[in-house]
Asks: 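Okay, here's the structure, questions in a sec.
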Amino acid sequence: MSHFRVLAGVLRGSGGVGRGLVGRWCDPRRGCSSRSERGLPAVASSSSYVEEMYFAWLEDHKNVHESWDGFFRNIQASSPSGEAGESRPSALLQGRALSHSPDVAQKVVEDHLAVHSLIRAYQIRGHHVAQLDPLGILDADLDSFVPSDLITTIDKLGFYGLDESDLDKSFQLPSTSFIGGEETTLPLREIIRRLETSYCGHIGIEYMFINNVNQSQWIRQKFETPGIIQFTYAEKRTLLARLIRSTRFEDFLARKWSSEKRFGLEGCEVLIPALKTIIDTSSSAGIDSVIMGMPHRGRLNVLANVIRKDLDQIFCQFDPKLEATDEGSGDVKYHLGMYHERINRETEKNIQLSLMANPSHLEAVDPVVQGKTKAEQFYRGDTQGKKVMSILMHGDAAFAGQGVVYETFHLSELPSYSTYGTIHVVVNNQIGFTTDPRVARSSPYPTDVARVVNAPIFHVNADDPEAVMYVCQVAAEWRTAFNKDVVIDLVSYRRFGHNEMDEPMFTQPLMYKQIRRQEHVLKKYSDKLITEGVVTLQEFEEEVAKYDKICEEAFTSSKDEKILHIRHWLDSPWPEFFTAEGEPKSMSCPPTGLDEDVLQHIGDSASSVPLEDFKIHPGVSRILRGRAQLMKNRQMDWALGEYMAFGSLLKEGIHVRLSGQDVERGTFSHRHHVLHDQEVDRRTCIPMNLLWANQAPYTVCNSSLSEYGVLGFELGFAMASPNALILWEAQFGDFNNTAQCIIDQFISSGQAKWVRNNGIVLLLPHGMEGMGPEHSSARPERFLQMSNDDPDHFPEFHGDFEVQQLHECNWIVVNCSTPANYCHVLRRQILLPFRKPLIIFTPKSLLRLPDARSSLDDLAAGTTFKRLIPDEGAANQSPGQVKRVIFCTGKVYYELARERKQQKMERDVAIIRLEQISPFPFDLVRREAEKFSNAELLWCQEEHKNMGYYDYVRPRFHTVVANRRPIWYVGRDPAAAPATGNKSTHLNELKRFMDTAFNLDAFQGRDV
Ligand SMILES: Cc1ncc(C[n+]2csc(CCOP(=O)(O)OP(=O)(O)O)c2C)c(N)n1
Ligand SMILES: [Mg+2]
């Protein structure tokens, strides 16, 4: 660090700046100059030509091209003093100088090349020596090594074949640098000084990995142009006022609740003015909605001073006696979200700000924010992100360590997932809980992950508020100009422990000794502005007192609050969907069936190509012909059932979005929602979008190969509007576990924690089909284990029980056995007066099984989703004679039905399908159990005993029959892996449990 200061003194010793010719930024001559790219004249081969140029140059330096100007200046500088003033060319060019011209020219070329390399070295590596750490003890890049090509001491000039005598020589500047400002040549001493200023001060920029020349030039211009970082008095005063708020807010909380966890911002107070600068700059560029996600650190401060949540509402959260009125279990204060609409004081424009609620799981909220942002952009027709944008905040350790950060970056440029540039702000306090960065990451910076998408990275010393404001401004302008991600790395420190109760000296003693000595940024900045005469001490103190008073008054009024409303912390309100009190407008659901003409129209579209002259693959033709044939027979398979659901919802103005890996075709090649012209590259057609005049749009998009990131994204998308069916499909159901955090922390518990509804649908292919352990189970047991319906409580039936029960559950888990029921449940999802996540275990082999087709009649007007499908044969007609009732769900039904037929046991054994597993259809199961009062009750599943549904259904069956009848288990034995990898073992297992299912003596004499 200090090496620079020393050198700067030496370098600044002498030398003026070369005289300018023309402005450099848009000089047309640069583009068509005959000089080489390296900025050198095509060295004279003809002395008369050189003479001619030389005379012209002597007359006026502007008479020649800038490259010649540099050339002659250098010759002059390297000639003995007597000849330097020689006006005759012969003396200079034909005399000693010219006699040495090959050597001299060679030297000039080499020196220019060297200087250009030097400039490039600073552009690439200057950030490594920038003074980023406010504490002055750490290296932000975890490396104290100073790159050998940066000129930190005079002797390092030798690296380039230069020495001290070259410092005052002028050099032509390359077109890839803006350090000259209006100048095209500069003495080397000045070049180095300016490079130091641009690249090695309190800002360290990383951008040279960006492949786009315009973008790199844009950044250079923003950081290299001399004197570009300037603020007016008014801007400085605003910055100071914001710093006062940020600092005094934390001080106030610390004073009032000294033993409460709040994850204070102390050491990075500049985050608040930083965010406000980003928002101001974006607002003036036309942005009117900003969606933010952030971790714990400084969250209350952001709510108070950026979103402007009422302070008394925040202070209420610290009152342990206040109880929440709303349903749900709530969340800790530093996880809650917020939505606020207000006027931006700097731009006088309206702006909506929302901070998304999030779990402790660091970075999990990133894709969710992106999804919500994309949805808002989509519904507003903001196709380039000019109105709606996202800001993501990160901790240094989490940003480097959490894989979902990488997954989120990889969504940033995909057409159906791009939010057209996110501004990332890292609160880089150079520690993660108790862990030093050098053992927390392998990359030099915590931000290196952003390099994969060519996002520029601005590291900045957080104790220099003006430098921070500048990079924030540039970051916002970057987004406006290029609609790409950008990262601001606020290199700071954490004044206290991880939270206010923690002792940091246990693990970081030296760092914390330094931190104790560290002057507060507010003190440093206010002193600076007082010295500069921007504010007086009195003005500063008045501003502090003013904010303290605001806090005190809010504190007093917070004591009047009697109850807490979690609803006030909602980040995505749907005002028109609910009543003013936030309740559903009804507690019923209309039938989900469809008129015949709608079914026919959708069926026709699903079976044809709507565009002329569009050649599809013969295999797809066959599939479409098959659909047409089914429609003729008034039948549908799975793909048609899905078509009916999507197509009818689109007609009703509901946007449908289906996202996931290979969903356009469908993993099992059954869907084909995007047709590809076999003769014209990239010509595609989505018939679903051409179904009806004035229909809602249909989005079907193959995603990146991510589950955590993409499911998070779709969950966020589903937050934006209740009038959309948002579906995420796993390639195979198994893969949902790499998105477990989204499932656990958001989907199953989101409403309980944050009182917000979400209607996301998960399609999880599931079924034991001999495909091995990893392509078989979507892990139903896990979803069911997280369902909140009470296994031991028989609910009271009143009103519309089905809807009432759905309203109270945390999510819905279904395993449909027919296409019609699949269609119904998708439609019910939208026709319900509230939104709940829906988990659907979807079939694989049933997609094509003839027995698993539905009649169009099953979807006729007036029909509804069947939570339970009773036995449909002889057993149901004479229930008194039935000896055994097999309850099951999903695909195994067809195996059971086939076996029963083969064994001719249709009168002895009833088979009942549970289509909605959770919430458990207590009412319908009781009806069936009572209907077959003499029969044995069995639960049959193809999954292993410790998996599947058994553990969930067993206690609920017992509740239904009041523990008076046993419910026997038939299925695979307990196991560690979800399925065998051996086909014949698979078939043997199946045969074994089928035999048991139809062996009426199997449970005779057995104890319960
Ligand atoms: C996914 C996840 N793993 C672990 C934790 C526990 N945890 C909470 S804060 C923290 C350290 C975070 O460090 P950093 O990201 O640098 O943020 P800082 O607290 O320094 O602001 C850890 C490990 C967590 N919240 N989430
Ligand atoms: Mg940290």
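As the structure lists them, so they are numbered: ligands from 1, and atoms in each ligand from 1.
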Asks: So which bit of E363 gets within less than 4.0 Å of ligand 1, heavy atoms only: side chain, backbone, both or neither?
Replies: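 Answer for E363: neither.
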
Asks: Distance under 4.0 Å to a non-hydrogen atom of A397: what atoms of ligand 1 satisfy this?
Replies: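 Listed by number with element, the hits are 13 (O), 14 (P), 15 (O), 16 (O).
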
Asks: Of the backbone atoms (N, CA, C, O) and the side-chain heavy atoms from C-beta on, which set of Q402 has a member under 4.0 Å from an atom of ligand 1: side chain, backbone, both, or neither?
Replies: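 For Q402, only side-chain atoms sit under 4.0 Å from ligand 1.
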
Asks: Near N429, which atoms of ligand 1 are under 4.0 Å from a heavy atom of that residue?
Replies: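 With N429 as reference, the close atoms of ligand 1 come out as 18 (P), 20 (O), 21 (O).
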
Asks: Please indicate whether R255 has more than 12 foreign heavy atoms, meaning atoms of other residues, nucleotides or ligands, lying under 6.0 Å from its CZ.
Replies: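 Atom CZ in R255 is crowded, with more than 12 foreign heavy atoms closer than 6.0 Å.
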
Asks: Given the rule in the side-chain hydrogen bond (donor to acceptor under 3.5 Å, both in side chains) test, do Q508 and T434 qualify, once you have shown the distances and angles that lead to the verdict?
Replies: CA-CA 8 Å; Q508 275 77 22; T434 66; 5.8 Å; no

Asks: My understanding is that we take every heavy atom of each candidate and find the minimum distance to atom 15 (O) of ligand 1. Doing that for S360, A398, C268, which one comes out nearest?
Replies: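 Looking at heavy atoms only, the winner is A398.
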
Asks: Would you please indicate if the ring centroids of H410 and Y417 are separated by under 6.0 Å?
Replies: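 Aromatic pair excluded; centres sit 6.0 Å or further apart.
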
Asks: Any idea which atoms of ligand 1 are less than 4.0 Å away from a heavy-atom of R297?
Replies: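 What qualifies from ligand 1 is 18 (P), 19 (O), 21 (O).
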
Asks: From the Mg ion (ligand 2) out to just under 2.8 Å, does an N/O/S atom of A398 turn up?
Replies: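 Coordinating: no.
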
Asks: Among all the protein's heavy atoms, is there at least one whose distance to atom 4 (C) of ligand 1 comes out below 4.0 Å?
Replies: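 Answer no: nothing from the protein, no heavy atom, is under 4.0 Å.
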
Asks: For atom 6 (C) of ligand 1, what is the closest protein heavy atom, and at what distance to 0.1 Å?
Replies: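 Closest protein heavy atom to atom 6 (C) of ligand 1: L362 CD1, 4.8 Å.
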
Asks: Mind checking whether I431 contacts ligand 1 via backbone (N, CA, C, O), side chain (CB onward), both or neither, at a 4.0 Å heavy-atom cut-off?
Replies: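 Looking at I431 and ligand 1, just backbone atoms fall under 4.0 Å.
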
Asks: Write out the residue and atom name of the closest protein heavy atom to atom 23 (C) of ligand 1, then the distance separating them to 0.1 Å.
Replies: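 Result: F433 CD1, 4.3 Å.
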
Asks: Please could you name the atoms of ligand 1 that H296 approaches to less than 4.0 Å, counting only its heavy atoms?
Replies: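 So the answer, numbered in order with elements, is 9 (S), 18 (P), 19 (O), 21 (O).
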
Asks: What residue and heavy atom of the protein are closest to atom 13 (O) of ligand 1, and at what distance?
Replies: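 Checking every protein heavy atom, the shortest distance to atom 13 (O) of ligand 1 gives G432 CA, 3.3 Å.
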
Asks: Could you verify whether a donor N or O on one side chain and an acceptor N or O on the other, from E413 and S418, lie under 3.5 Å apart?
Replies: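 The answer is no; no qualifying pair exists.
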
Asks: Heavy-atom distance from atom 11 (C) of ligand 1 to the protein below 4.0 Å?
Replies: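 Given the 4.0 Å limit, the answer for atom 11 (C) of ligand 1 is yes, a protein heavy atom qualifies.
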
Asks: Using the ring pair (Phe, Tyr, Trp, His ring centres under 6.0 Å) definition, which of the options Y207, Y445, Y199, F209 pairs with H127?
Replies: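 When ring pair (Phe, Tyr, Trp, His ring centres under 6.0 Å) is applied between H127 and each of Y207, Y445, Y199, F209, only Y445 qualifies.
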
Asks: Looking at every non-hydrogen atom in both residues, tell me the closest pair between I203 and F223 and how far apart they are.
Replies: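 Where I203 meets F223 most closely, the heavy atoms are CG2-CE2, 3.9 Å.
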
Asks: For ligand 1 and H361, I'd like to know whether there is a polar contact (N/O to N/O, distance under 3.5 Å).
Replies: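 It does not: no N or O of H361 is found under 3.5 Å from an N or O of ligand 1.
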
Asks: Give a yes or no on whether a salt bridge exists between R242 and D280, defined as a side-chain N under 4.0 angstrom from a carboxylate O.
Replies: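 Salt bridge between R242 and D280, a charged N being under 4.0 Å from a carboxylate O: yes.
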
Asks: Can you give me the closest heavy-atom contact between R494 and I431, atom names plus distance?
Replies: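 Closest approach of R494 to I431, heavy atoms only: NH1-CG2, 3.5 Å.
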
Asks: How close does the nearest protein non-hydrogen atom get to atom 16 (O) of ligand 1, and which residue and atom is it?
Replies: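 Among all protein heavy atoms, the one nearest atom 16 (O) of ligand 1 is D396 OD1, 2.5 Å.
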
Asks: Compute the angle centred on the Mg ion (ligand 2) spanning OD1 of D396 and OD1 of N429, and express it rounded to 10 degrees.
Replies: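 For OD1 of D396 and OD1 of N429, the angle centred on the Mg ion (ligand 2) reads 100°.
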
Asks: Less than 4.0 Å between a side-chain N and a carboxylate O, is that true for K261 and E500?
Replies: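 K261 and E500: not salt-bridged.
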
Asks: Given the rule in the salt bridge (charged side-chain N to carboxylate O under 4.0 Å, His left out) test, do E781 and R779 qualify, once you have shown the distances and angles that lead to the verdict?
Replies: CA-CA 5 Å; E781 63 277 7; R779 299 290 195 171; 3.1 Å; yes

Asks: Taking salt bridge (Lys or Arg N to Asp or Glu O under 4.0 Å) as the criterion, tell me which of R495, K523, K524, K528 meets it with D463.
Replies: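 Only one of R495, K523, K524, K528 forms a salt bridge (Lys or Arg N to Asp or Glu O under 4.0 Å) with D463, namely K524.
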
Asks: Looking at atom 9 (S) of ligand 1, what's its closest protein heavy atom, distance included?
Replies: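 The closest one turns out to be H498 CE1, 3.1 Å.
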
Asks: With backbone taken as N, CA, C and O and side chain as the heavy atoms from C-beta onward, which portion of H394 lies under 4.0 Å from ligand 1: side chain, backbone, both, or neither?
Replies: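 Neither; no heavy atom under 4.0 Å.
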
Asks: For atom 17 (O) of ligand 1, what's the nearest protein heavy atom and its distance?
Replies: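 Protein heavy atom at minimum distance: G395 CA, 3.7 Å.
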
Asks: Do you know the tightest heavy-atom contact between E269 and P273?
Replies: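 Closest heavy-atom pair between E269 and P273: O-CD, 3.5 Å.
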
